[in-house]
Amino acid sequence: MIEIMDTTLRDGEQTSGVSFSPREKLSIARLLLEDLRVDRIEVASARVSEGEMEGVKLITQWASGKGLLDRVEILGFVDGGVSLDWIVESGGKVINLLTKGSLKHCREQLRRTPEQHLADIKENIALARAKGIRVNVYLEDWSNGMFSSRDYVDMMLDGLRGEGVDHIMLPDTLGILNPYNTFDFCREMVERYPEHRFDFHAHNDYDLAVANSIAAVKAGIKTIHTTVNGLGERAGNAPLSSVLAVLHDQLNEKTHLVENRINRVSRMVETCTGIHIPPNKPVVGENVFTQCAGIHADGDQKNNLYFNDLLPERFGRSREYALGKTSGKANIKKNLEALGIDLDEASMRKVTERIIELGDKKEQVTTEDLPYIIADVLRYGEQEAKVRMLNYNLSLAHGLKPVAALKIEINGTQYESSASGDGQYDAFMCALRRIYKDQLGRSFPMLTNYSVTIPPGGRTDAFVQTIITWELDGETFKTRGLDADQTEAAIKATVKMLNKIES
């Protein structure tokens, strides 16, 4: 069984621009421990601020009532007991004591000899035990210590024997390791110090945090540190979602994590931080369970040929099939099935052609847009295009009336006109009326109602559906247009009206 210690609320909060409110910290802590069931959480650094104290108190009071207080940890410092007093006041019961894991850090940052630093650590451990506080020890910059001062690392670990430390944490503080030396270094720790329980804490500077975490597990480490969405200083820490998936699928290791809760936690953290999850981020990204190519959707229909073990249902997600220029009938059919719509082959071909056309314009097409596209193509499709809009230009300038100029073909003859109006579409209609009344001497329908809607969800990039009601010679009828631009959607509805009256 591999344990997960999540440090989103401490190390994750060191992400540039991220600061959780006390209530946000409580909400995330509850999701991590109760919903996702991580084994431990690190929630704060001691002595930071009054707001930090408030957030920790909220968490410790809640955790105490749930019997989870021993799984809530706080970073503290070798400071003669000042951090310990802060933790006691906050209601905490576990300190993650930040010590130096490399000789360079010990000498140059602390200005202490290794012997002095070890004595200071032991003093703080004794103070913690006297106050009833459990102790874990971070060996900050341990990875550099393994490269440049191996004797110092060994001295520290030898010195911590018999001190009652629960976990020794091995941080790759600057993200300099790769899976090969991670494995070697961690294996050396596990074999040389079997009495210690080791955690591995990866940073992602070379995009190797997940790979290094897995190498640590292969070497015998039993606890991995993560953050939700990979938050953390610089390039961040090992993302919880990816570590979860690789542990379960690639290493066949067991954890206490509940997979189908990970997406909920990730979205909550995304909301609180304002840092968006990349669409292609494994497991939790918006697009990672979306098939774009029609051949993939076709393969999924034929015994799930394009599935792997990362089934979206495992993680509280669902598979989607994108609609665009690479879509085939299989993609569209999958979306129609989700909507409960069935089309014959001829209709399917028309809808496919229209979606590909929209995809060529780089418009985003979603499942919510699909019913509008179907209605536009099938219900109001042009039977015979006797009227074609060849060209038009709309101009809008401050302090001047909008102007429209257009060229249109009616029954094989081309006509041009221009006019101004109260709006761009009104100018377009004025120019069109001039052609029908002045050049053709014909009556022109009256616009009696104009309705604009977008698919559910309210996206700013959604298609606009314009439905216009017309009256001509006592008859009332409607046409609709669909486009990403409202005016263009209205013009498409108008051209359909012209074809209707010509027919």
Side-chain angles (χ1 to χ4, degrees), residues 323-325 332 341 343 347 349-396 402-410 415 417 419 421-433 435-436 444-472 475-503:
L323 298 167
K325 66 181 180 181
I332 297 167
I341 298 173
L343 296 179
S347 300
R349 185 179 64 256
K350 291 179 182 179
V351 171
T352 302
E353 289 171 355
R354 184 62 190 280
I355 288 172
I356 292 171
E357 174 195 339
L358 292 166
D360 274 332
K361 293 173 64 178
K362 298 188 183 298
E363 304 294 357
Q364 181 184 12
V365 184
T366 69
T367 303
E368 290 80 10
D369 297 320
L370 198 51
Y372 284 28
I373 294 171
I374 293 169
D376 184 55
V377 172
L378 303 182
R379 185 177 176 187
Y380 293 93
E382 298 171 12
Q383 301 299 318
E384 183 181 350
K386 294 184 178 182
V387 179
R388 293 193 305 132
M389 186 61 58
L390 301 178
N391 202 353
Y392 61 87
N393 179 65
L394 307 174
S395 63
L396 179 65
V403 175
L406 62 90
K407 179 188 287 187
I408 191 170
E409 182 181 280
I410 304 172
Y415 301 89
S417 178
D422 293 330
Q424 288 179 306
Y425 180 63
D426 184 57
F428 174 86
M429 290 295 289
C430 289
L432 196 56
R433 285 194 194 95
I435 292 174
Y436 270 79
F444 193 79
M446 179 181 295
L447 188 156
T448 61
N449 196 17
Y450 181 102
S451 172
V452 176
T453 59
I454 64 172
R459 302 189 333 270
T460 57
D461 62 348
F463 285 116
V464 178
Q465 178 181 248
T466 302
I467 303 174
I468 303 178
T469 305
W470 311 91
E471 185 178 328
L472 179 64
E475 180 185 353
T476 300
F477 60 97
K478 295 180 181 180
T479 57
R480 75 174 66 192
L482 186 71
D483 199 271
D485 180 84
Q486 179 179 329
T487 304
E488 288 202 30
I491 290 171
K492 288 179 179 178
T494 304
V495 172
K496 289 178 181 178
M497 174 273 291
L498 295 176
N499 275 286
K500 189 174 184 69
I501 64 174
E502 289 299 326
S503 300

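Since we're looking at a predicted model, the values are computed, not measured. Each residue takes its place number in the sequence, starting with 1.
Atom CG of residue Leu498 and atom CD1 of residue Ile410 lie 7.0 Å apart, to the nearest 0.5 angstrom. The distance from atom NZ of Lys492 to atom CD of Glu488, rounded to the nearest 0.5 Å, is 6.0 Å. Atom CG of Asp485 and atom CD of Gln424 lie 8.0 Å apart (nearest 0.5 Å). Atom OG1 of Thr476 and atom CE of Met446 lie 10.5 Å apart (nearest 0.5 Å).
Evaluation of the salt bridge (Lys or Arg N to Asp or Glu O under 4.0 Å) rule for Glu471 yields no partner, not counting sequence neighbours. Residues meeting the side chain to side chain contact (heavy atoms under 4.5 Å, CB included) test with Ala431, sequence neighbours left out: Leu406, Ser417, Ala419. The side chain to side chain contact (heavy atoms under 4.5 Å, CB included) check on Pro445 picks up Trp470, Leu472, Met497, Ile501, with sequence neighbours excluded. Legend: residues meeting salt bridge (Lys or Arg N to Asp or Glu O under 4.0 Å) with Arg388, ordered by chain and number and at least two apart, are Glu409. With sequence neighbours excluded, the residues that form a side chain to side chain contact (heavy atoms under 4.5 Å, CB included) with Asp426 are Asp422, Cys430. Shown here are the ring pair (Phe, Tyr, Trp, His ring centres under 6.0 Å) partners of Tyr415, two or more places apart in sequence or in another chain: there are none.
In plain terms, the two heavy atoms of Gly481 and Ala493 that are nearest each other are N-CB, 3.5 Å. Contact record, Thr466 with Ala489: OG1-CB, 3.4 Å, taken as the closest heavy-atom pair. Heavy atoms only, all atoms of each residue included: Glu502 and Lys386 are closest at O-NZ, 3.7 Å. The nearest pair of heavy atoms linking Phe428 to Ile491 is CZ-CG2, 3.7 Å.
Among Thr469, Asn449, Ile468, the one residue that satisfies the side-chain contact (heavy atoms from CB on, under 4.5 Å) test with Lys478 is Thr469. Among the candidates Val387, Thr479, Thr494, the single residue satisfying the side-chain contact (heavy atoms from CB on, under 4.5 Å) test with Asn499 is Val387.
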Leu432 and Phe444: side-chain contact (heavy atoms from CB on, under 4.5 Å), yes or no, with the steps? CA-CA 9 Å; Leu432 196 56; Phe444 193 79; 3.7 Å; yes
